[in-house]
A.B. asks: 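Quick one: the structure is below, and I'll ask about it shortly.
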Amino acid sequence: MVRTRFAPSPTGYLHIGGLRTALYAFALAKHGNGKFILRIEDTDQKREVPGAREKLQDILHNFGLQWDEYYIQSERAQTNVYKQAAQHLVDKGLAYPDEGAVRLKIPKDEKIAYHDFALKKTISWATNDIPEAVLLKSDGFPTYHLAVVVDDHEMNISHVLRAAEWIPSTPIHLLLYKYFGFKTPEIGHLTDILDPEGGKLSKRKGNVSVEEFISKGYLPEAILNFVILLGWAPKDNRELFTLDEFVTAFDPAGLQKSNPVLNSKKLDWFNGHYIRAKSDTELLQLIKPYLPQITLEIIPLIKDRLTTLSQARDLAGFFFTRPAPQKGLNKEYLQAAAEAIEKGQDLAEMAKNKNWKLGDFFMTLRLAICGSKITPPLTESMLILGKEETLTRLKNSLNFPS
Ligand code: GLU
């Protein structure tokens with residue numbers, strides 16, 4: 001039975017790389033009809049951020065990454081499992097007390113190795129290079145190394161999948177598996193996600209937190225699809241995946257060895273795709289947090305133009321907020337348009353009769369009515385605004401001293 005886990009530390013926010021780890025671990029388990037476990041690794045209590053645990057759960061839930069079992073290490077610590085494990089190693093002479101803490105003993109001149117199922121290579125260390133890591137801190141809490149090994153064993157984890165930054169910790173874990181006489185799970189590390197400007201993605205450079213992407217108006221489906229392809233590739237060139245489709249297609253052989261670069265254009269493309277796949281009523285609800293006044297009739301006018309949900313504010317805000325009068329617009333155009341509208345005449349026909357360039361004419365109206373050059377189709381927008389409001393806006397620019 002395949003059993004995987006996602007083991008975040010609740011330190012504040014979910015990194016896009018963390019979501020990817022969770023997603024791949026979920027797919028690995030579910031592809032094999034196995035179990036996906038969520039384990040909160042909060043034994044470093046100084047780093048814990050209040051509310052972070054709940055937020056993490058909300059996000060995973062939102063993305064459909066539903067866990068089958070749930071554990072919190074600080075709660076498990078109450079049962080003394082980690083203390084007993086550390087004591088067991090001390091008793092066997094494989095660890096030693098060090099001023100209230102317990103440290104791992106390292107054998108001299110040996111080699112330790114494992115085969116990484118994600119990176120598809122064997123990685124080895126000389127034991128002389130491995131530090132005598134602390135296993136139990138003087139506050140009685142285990143360190144990550146001890147807790148992760150004890151828990152992965154007790155929770156019957158078959159495959160450990162985690163970020164590449166944990167590779168240096170792996171030899172410590174391998175020794176612990178050996179010392180305890182535990183079976184070593186399959187271990188795989190995921191490549192680093194690179195920032196387009198170079199280097200690893202980092203909080204400082206932005207673009208890393210899943211919440212940030214959500215609040216900018218990216219849909220979970222789009223973020224998920226984007227993250228699916230940030231380090232994994234299907235056998236064909238398929239690009240569109242729902243979570244279920246990904247689970248079906250997932251094969252660890254598709255995990256890539258080179259570091260992917262976060263390409264936000266690609267994310268925009270996915271987001272546009274998933275926005276257009278929504279019904280108008282669904283989209284209405286999704287846009288409301290960004291533009292509460294939005295109405296159903298406006299949705300078809302902006303649907304094809306949205307890259308993110310938050311752009312609805314820029315594209316459709318003018319329906320609800322009258323733009324400031326525009327300086328320097330062609331007053332002849334504005335005057336004639338206002339008269340034509342009052343008389344119920346066709347604007348294009350009127351402008352053609354006067355031999356005006358239609359592009360210039362309508363751009364002038366667009367600026368006066370919508371306050372910007374990039375807007376939904378003008379005629380439909382005027383219909384939604386209504387005759388009175390349209391005229392008011394035209395006259396505001398007309399009467400504005402140039
Ligand atoms: N608690 C570690 C983290 O925050 C988990 C590493 C692992 O999966 O072993 O990423």
Side-chain angles (χ1 to χ4, degrees), residues 2-29 34-49 52-57 59-60 65 67 69-77 82 85 104 114 116-119 123 133-137 141-177 180 182-193 200-203 208-211 227 230-231 252 255:
V2 181
R3 289 175 59 90
T4 66
R5 69 349 181 242
F6 178 50
S9 300
T11 51
Y13 70 106
L14 183 60
H15 189 284
I16 203 88
L19 176 65
R20 184 186 60 168
T21 304
L23 178 61
Y24 290 1
F26 177 86
L28 181 60
K35 300 273 187 239
F36 174 63
I37 285 122
L38 175 60
R39 184 172 73 222
I40 304 293
E41 302 210 324
D42 60 345
T43 58
D44 192 354
Q45 304 240 304
K46 288 189 296 283
R47 291 176 63 215
E48 167 133 26
V49 173
R53 218 198 273 169
E54 291 72 18
K55 228 160 70 182
L56 253 163
Q57 294 184 34
I59 297 183
L60 293 180
L65 302 175
W67 50 94
E69 294 169 29
Y70 176 65
Y71 303 94
I72 303 176
Q73 280 184 335
S74 62
E75 284 178 6
R76 286 176 47 73
Y82 309 115
L104 181 68
Y114 81 105
D116 195 296
F117 79 89
L119 298 173
I123 303 183
V134 172
L135 301 178
L136 198 71
K137 293 174 283 184
F141 272 101
T143 59
Y144 160 64
H145 303 304
L146 179 64
V148 82
V149 168
V150 168
D151 282 358
D152 283 342
H153 172 72
E154 289 204 2
M155 295 167 194
N156 275 314
I157 300 301
S158 62
H159 293 72
V160 166
L161 200 53
R162 64 181 164 219
E165 62 181 302
W166 300 103
I167 294 176
S169 301
T170 303
I172 298 168
H173 306 173
L174 294 171
L175 272 180
L176 283 170
Y177 284 116
F180 283 121
F182 295 160
K183 181 172 182 293
T184 307
E186 296 293 326
I187 300 174
H189 290 94
L190 298 169
T191 49
D192 290 326
I193 303 172
K200 277 188 6 169
L201 276 192
S202 81
K203 207 173 173 179
V208 294
S209 115
V210 174
E211 284 113 306
V227 169
L230 262 185
L255 291 171

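Because the structure is predicted, anything quoted here is derived from the model rather than measured. Side-chain atoms are counted along with the backbone in the values below, which use heavy atoms only and exclude waters and symmetry mates. In each ligand, atom 1 is the first atom listed, and ligand 1 is the first ligand listed.
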A.B. asks: Under 4.5 Å between any side-chain heavy atoms of R39 and D152, yes or no?
C.D. replies: yes

A.B. asks: Using a strict cut-off of less than 4.0 Å between a Lys/Arg side-chain nitrogen and an Asp/Glu carboxylate oxygen, indicate whether E154 and R76 qualify as a salt bridge.
C.D. replies: yes

A.B. asks: Any chance you could measure Y71, atom OH, to E41, atom CD, to the nearest 0.5 Å?
C.D. replies: 13.5 Å

A.B. asks: Show me, by chain and number, every protein residue that has a heavy-atom distance under 4.0 Å to ligand 1.
C.D. replies: R5, A7, S9, E41, Y144, V148, R162, W166

A.B. asks: Hey, which of T170, L255, T21, L161 is the one that makes side chain to side chain contact (heavy atoms under 4.5 Å, CB included) with H189?
C.D. replies: T170

A.B. asks: Relative to each other, are the rings of F180 and F182 parallel, tilted or perpendicular (30° and 60° limits)?
C.D. replies: parallel

A.B. asks: Excluding sequence neighbours, so at least two apart, what forms side chain to side chain donor-acceptor pair (under 3.5 Å) with K55?
C.D. replies: E211

